[in-house]
Peer 1: 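Quick one: this structure, given as structure tokens, is what I'll be asking you about.
Heavy atoms only: backbone and side chains are in, while hydrogens, waters and symmetry mates are out. Residue indices begin at 1 and follow the sequence shown. Remember, it's 1-based here, ligands and their atoms both numbered in the order they're listed.
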Amino acid sequence: MSDKNPEIRKGLYGVVVDKTAISKVVPETNSLTYRGYPVQELARYCTFEEVAYLLWNGKLPGQETLIRFSAREKALRHLDRHLIDLITSMPKSCHPMDVLRTAISYIGASDPESYTKDSEHIRRTALELMAKIPTIIALDIRRRRGESYIEPSRKKGFAENFLWMVFGDEEGSPANNRADIEAFDKSLILYAEHSFNASTFAARVVTSTMSDTYSAIAAAIGALKGPLHGGANEAVMHNFIEIDDPAKTEEWTLNRLKNKDLVMGFGHRVYKNGDSRVPTMSEAFRELAKAHGQEKWVEMYDIMEKTMYDNTSIKIQPNLDFPAGPAYYILGFDIEFFTPIFVMARITGWTAHIVEQNENNSLIRPLSAYCGEEQRSVPPKSH
Ligand code: COA
């Protein structure tokens with residue numbers, strides 16, 4: 001590498017920018033661990049609340065600690081009147097990620113200590129955001145449907161409370177169905193953390209300038225919104241609905257490949273032999289589809305997966321968004337809310353990274369190779 005001809009890794013492909021003790025992705029063995037625990041085991045044996053505690057504190061909570069932690073989270077779920085007014089005044093035509101980003105900015109503007117670098121304070125902020133984000137999303141879902149706001153429960157668990165705030169407790173509501181609640185909880189665990197992905201890196205870049213937690217989260221929401229990142233779970237479901245028929249799925253997929261169009265929900269920057277989170281989410285999706293009599297989506301899922309594998313030279317496989325998109329659809333969520341739900345989970349990973357970045361900070365400021373005009377003089381103005 002010379003100054004004249006520097007090596008450029010576009011998209012920071014393969015570049016290691018820092019250390020982290022929060023999660024480890026090993027693409028070769030197809031494994032992902034949070035603080036040393038395999039994500040599949042966390043999804044099987046833990047709740048999302050336990051995983052949030054783990055990401056922030058480095059260890060799983062004991063029974064007593066978990067009760068205290070959950071009680072603190074439940075007490076922070078409510079929104080103040082001004083925030084409710086702000087959310088309900090936003091245009092219904094905007095994407096719900098815009099509402100969420102704006103709400104986070106409002107909460108930050110109301111925190112006089114937003115600039116603190118104290119890890120304990122940031123962990124408290126993290127808990128408050130984890131508690132309030134579901135309420136913000138549920139309010140936004142209901143006001144767009146013309147339904148009235150359901151106040152958060154101070155008793156229900158995290159996943160159950162969210163389903164209840166969105167769907168109420170009428171017959172057929174997933175909030176009344178233990179299997180639905182557990183499948184949703186699993187999806188949150190799988191979405192919680194994933195090392196230096198684009199949105200987490202955005203949060204770390206903002207944090208590295210010694211800016212505040214809320215600004216870092218607003219940046220992360222902006223990064224997650226894009227269809228190459230979190231927005232893919234929405235795109236997956238739009239595609240399924242567009243195809244709408246298992247018999248047409250193979251042809252549709254082959255056409256996309258022929259036209260060199262991306263098939264959303266496939267491929268990954270790090271995993272090249274399959275995403276370690278997919279088997280757990282795919283199982284949950286299949287169970288949901290069976291229980292809700294919507295197995296058509298599973299048929300389409302299987303055909304698309306096989307078509308991609310068989311017809312791409314690098315055997316492209318699904319990522320987490322591929323089973324998560326239709327799973328959220330079966331639960332009854334409006335498609336534009338799939339990415340905000342991702343935020344509900346990833347807020348835990350983002351804030352764990354904000355603490356880590358703060359505790360060992362160095363301004364993130366890469367270099368670029370200039371390829372524009374050589375230096376030249378501004379021509380004199382003719383009067
Ligand atoms: N559909 C069709 N082709 C794909 C593809 C997809 N989903 N993902 C990758 N490819 C192709 C690329 O176009 C590239 O083809 P080329 O060599 O002819 O140019 C080849 O596979 C290698 O891709 P790669 O460079 O390894 O991908 P990347 O690391 O740059 O990109 C993603 C990773 C996630 C951005 C990419 O796979 C993608 O856009 N996927 C769809 C969006 C998505 O699901 N995002 C969620 C990620 S969790």
Side-chain angles (χ1 to χ4, degrees), residues 8-17 23 25-28 30-32 34 39 97 187-203 220-243 249-282 285 297 300-301 303-329 335-336 338-346 349-350:
I8 297 171
R9 301 267 191 103
K10 240 180 130 54
L12 298 179
Y13 207 112
V15 175
V16 178
V17 286
S23 66
V25 183
V26 188
E28 295 76 26
N30 198 16
S31 85
L32 166 65
Y34 296 171
V39 72
M97 288 291 269
S187 78
L188 297 179
I189 292 172
L190 297 170
Y191 266 139
E193 160 60 12
H194 212 211
S195 72
F196 278 38
N197 56 84
S199 58
T200 300
F201 190 59
I221 290 175
L224 192 76
K225 185 181 174 192
L228 293 191
H229 191 8
N233 58 10
E234 297 180 19
V236 166
M237 200 60 223
H238 284 301
N239 289 345
F240 273 142
I241 288 172
E242 182 193 324
I243 307 166
T249 308
E250 184 180 3
E251 193 193 344
W252 182 94
T253 311
L254 289 172
N255 266 335
R256 298 284 293 194
L257 290 175
K258 197 173 87 196
N259 296 332
K260 298 231 163 285
D261 287 334
L262 287 172
V263 180
M264 305 315 266
F266 282 84
H268 199 275
R269 174 56 64 84
V270 181
Y271 298 113
K272 299 299 177 195
N273 300 307
D275 178 331
S276 61
R277 304 161 297 179
V278 165
T280 307
M281 194 62 226
S282 165
F285 157 57
W297 308 120
M300 292 169 68
Y301 179 104
I303 295 167
M304 207 183 276
E305 181 178 18
K306 185 170 179 339
T307 310
M308 286 297 284
Y309 191 86
D310 290 347
N311 294 281
T312 51
S313 57
I314 53 169
K315 308 220 168 297
I316 303 177
Q317 297 187 43
N319 57 55
L320 176 58
D321 295 318
F322 194 55
Y328 289 158
Y329 187 77
I335 296 174
E336 59 188 352
F338 294 1
T339 321
I341 291 169
F342 190 159
V343 175
M344 245 174 87
R346 188 56 64 84
W350 287 339

Peer 1: Number the atoms of ligand 1 from 1 as they appear, then name those within less than 4.0 Å of a heavy atom of H229, with their elements.
Peer 2: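 Reading through ligand 1 atom by atom, the close ones are 46 (C).
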Peer 1: Considering only heavy atoms from C-beta outward, does the side chain of K272 approach that of I314 to under 4.5 Å?
Peer 2: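 Heavy-atom side-chain distance check fails, nothing below 4.5 Å.
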Peer 1: Using protein heavy atoms only, decide if any is under 4.0 Å from atom 18 (O) of ligand 1.
Peer 2: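 Flag for atom 18 (O) of ligand 1 set to false, no protein heavy atom closer than 4.0 Å.
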Peer 1: Any N or O of D261 that comes nearer than 3.5 Å to an N or O of ligand 1?
Peer 2: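 N/O-N/O distance under 3.5 Å: no.
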Peer 1: Do N239 and M264 have side chains that approach each other closer than 4.5 Å (heavy atoms only, starting at C-beta)?
Peer 2: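 Yes, their side chains come closer than 4.5 Å.
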Peer 1: For atom 23 (O) of ligand 1, which of I314, I316, L257 has the closest heavy atom?
Peer 2: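 Nearest heavy atom to atom 23 (O) of ligand 1 lies in I314.
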Peer 1: Please report whether atom 13 (O) of ligand 1 has a protein non-hydrogen atom at a separation of less than 4.0 Å.
Peer 2: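 Given the 4.0 Å limit, the answer for atom 13 (O) of ligand 1 is no, no protein heavy atom qualifies.
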Peer 1: Are any of the N or O atoms of G265 closer than 3.5 Å to those of ligand 1?
Peer 2: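 Yes; the residue has a nitrogen or oxygen that sits under 3.5 Å from a nitrogen or oxygen of the ligand.
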Peer 1: Could you list which atoms of ligand 1 come closer than 4.0 Å to a heavy atom of A232?
Peer 2: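 Within the 4.0 Å cut-off of A232, ligand 1 contributes 43 (C), 44 (O), 45 (N), 46 (C).
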Peer 1: Can you find a non-hydrogen atom of F322 under 4.0 Å from ligand 1?
Peer 2: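 Checking ligand 1 against F322, which is what was asked, there is no heavy-atom contact under 4.0 Å.
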Peer 1: Do any nitrogen or oxygen atoms of L228 lie less than 3.5 angstrom from nitrogen or oxygen atoms of ligand 1?
Peer 2: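 Yes; at least one N/O pair falls below 3.5 Å.
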Peer 1: Looking only at heavy atoms, which two atoms of V263 and L257 are closest? And how far apart?
Peer 2: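 Residues V263 and L257, closest heavy atoms: CG2-CD2, 4.5 Å.
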Peer 1: Within a distance under 4.0 Å of any heavy atom of V263, pick out the atoms of ligand 1 and give their elements.
Peer 2: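 Counting from 1, the qualifying ligand atoms are 1 (N), 2 (C), 6 (C), 7 (N).
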Peer 1: Please name the pair of heavy atoms, one in A324 and one in M281, separated by the smallest distance, quoted to 0.1 Å.
Peer 2: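 So the two residues come closest at N-CG, 4.0 Å.
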Peer 1: Centre-to-centre under 6.0 Å for H238 and F338, is that the case here?
Peer 2: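 Not close enough - the centres of the two rings lie 6.0 Å or further apart.
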Peer 1: Fit a plane to each ring of Y301 and F285, take the angle between them on a 0 to 90° scale, and name the class: parallel (under 30°), tilted (30 to 60°) or perpendicular (over 60°).
Peer 2: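 Taking F285 first and then Y301, their aromatic rings sit tilted (interplane angle of 30° to 60°).
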Peer 1: Considering the heavy atoms of L262, write down every atom of ligand 1 situated less than 4.0 Å from one of them.
Peer 2: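 Here the atoms of ligand 1 in question are 1 (N), 2 (C), 4 (C), 5 (C), 6 (C), 39 (O).
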Peer 1: Evaluate the ring planes of Y328 and Y191, with Trp represented by its six-membered ring, and classify them as parallel (under 30°), tilted (30 to 60°) or perpendicular (over 60°).
Peer 2: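 If you compare the ring of Y328 with that of Y191, the planes turn out tilted.
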Peer 1: Using a strict 4.0 Å cut-off to heavy atoms of F266, name the atoms of ligand 1 that fall inside it.
Peer 2: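 Under 4.0 Å from F266, ligand 1 has these atoms: 6 (C), 7 (N), 8 (N), 37 (O), 38 (C), 40 (N), 41 (C), 44 (O).
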Peer 1: Short check: is a protein heavy atom less than 4.0 Å from atom 2 (C) of ligand 1?
Peer 2: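 Within 4.0 Å of atom 2 (C) of ligand 1, protein heavy atoms are found.
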Peer 1: Might you work through the ring-ring contact (aromatic ring centres under 6.0 Å, His included) test for F240 and F322, ending with a clear yes or no?
Peer 2: CA-CA 10 Å; F240 273 142; F322 194 55; 5.5 Å; yes
Peer 1: Side chain or backbone of D321 under 4.0 Å from ligand 1, or both, or neither, by non-hydrogen atoms?
Peer 2: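 Under 4.0 Å from ligand 1, D321 contributes side-chain atoms alone.
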Peer 1: Side chains of L188 and I341, heavy atoms from C-beta outward: is any pair under 4.5 Å?
Peer 2: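 A side-chain contact exists here, since the closest heavy-atom pair is under 4.5 Å.
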Peer 1: Out of curiosity, I316 CD1 to Y309 OH, how far, rounded to the nearest 0.5 Å?
Peer 2: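 Answer rounded to 0.5 Å: 12.0 Å.
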Peer 1: Do the non-hydrogen side-chain atoms of P340 and E234 ever get within less than 4.5 Å of each other?
Peer 2: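 Touching, per the 4.5 Å side-chain cut-off.
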Peer 1: Would you say atom 48 (S) of ligand 1 has a protein heavy atom nearer than 4.0 Å?
Peer 2: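 Protein heavy atom within 4.0 Å of atom 48 (S) of ligand 1: present.
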Peer 1: Quick test of your reading of the structure: of M308, R256, R269, whose heavy atom lies closest to atom 33 (C) of ligand 1?
Peer 2: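 Looking at heavy atoms only, the winner is R269.
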Peer 1: In terms of residue, atom name and distance, what is the protein heavy atom nearest to atom 27 (O) of ligand 1?
Peer 2: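 Residue, atom and distance for the closest contact: K272 NZ, 3.8 Å.
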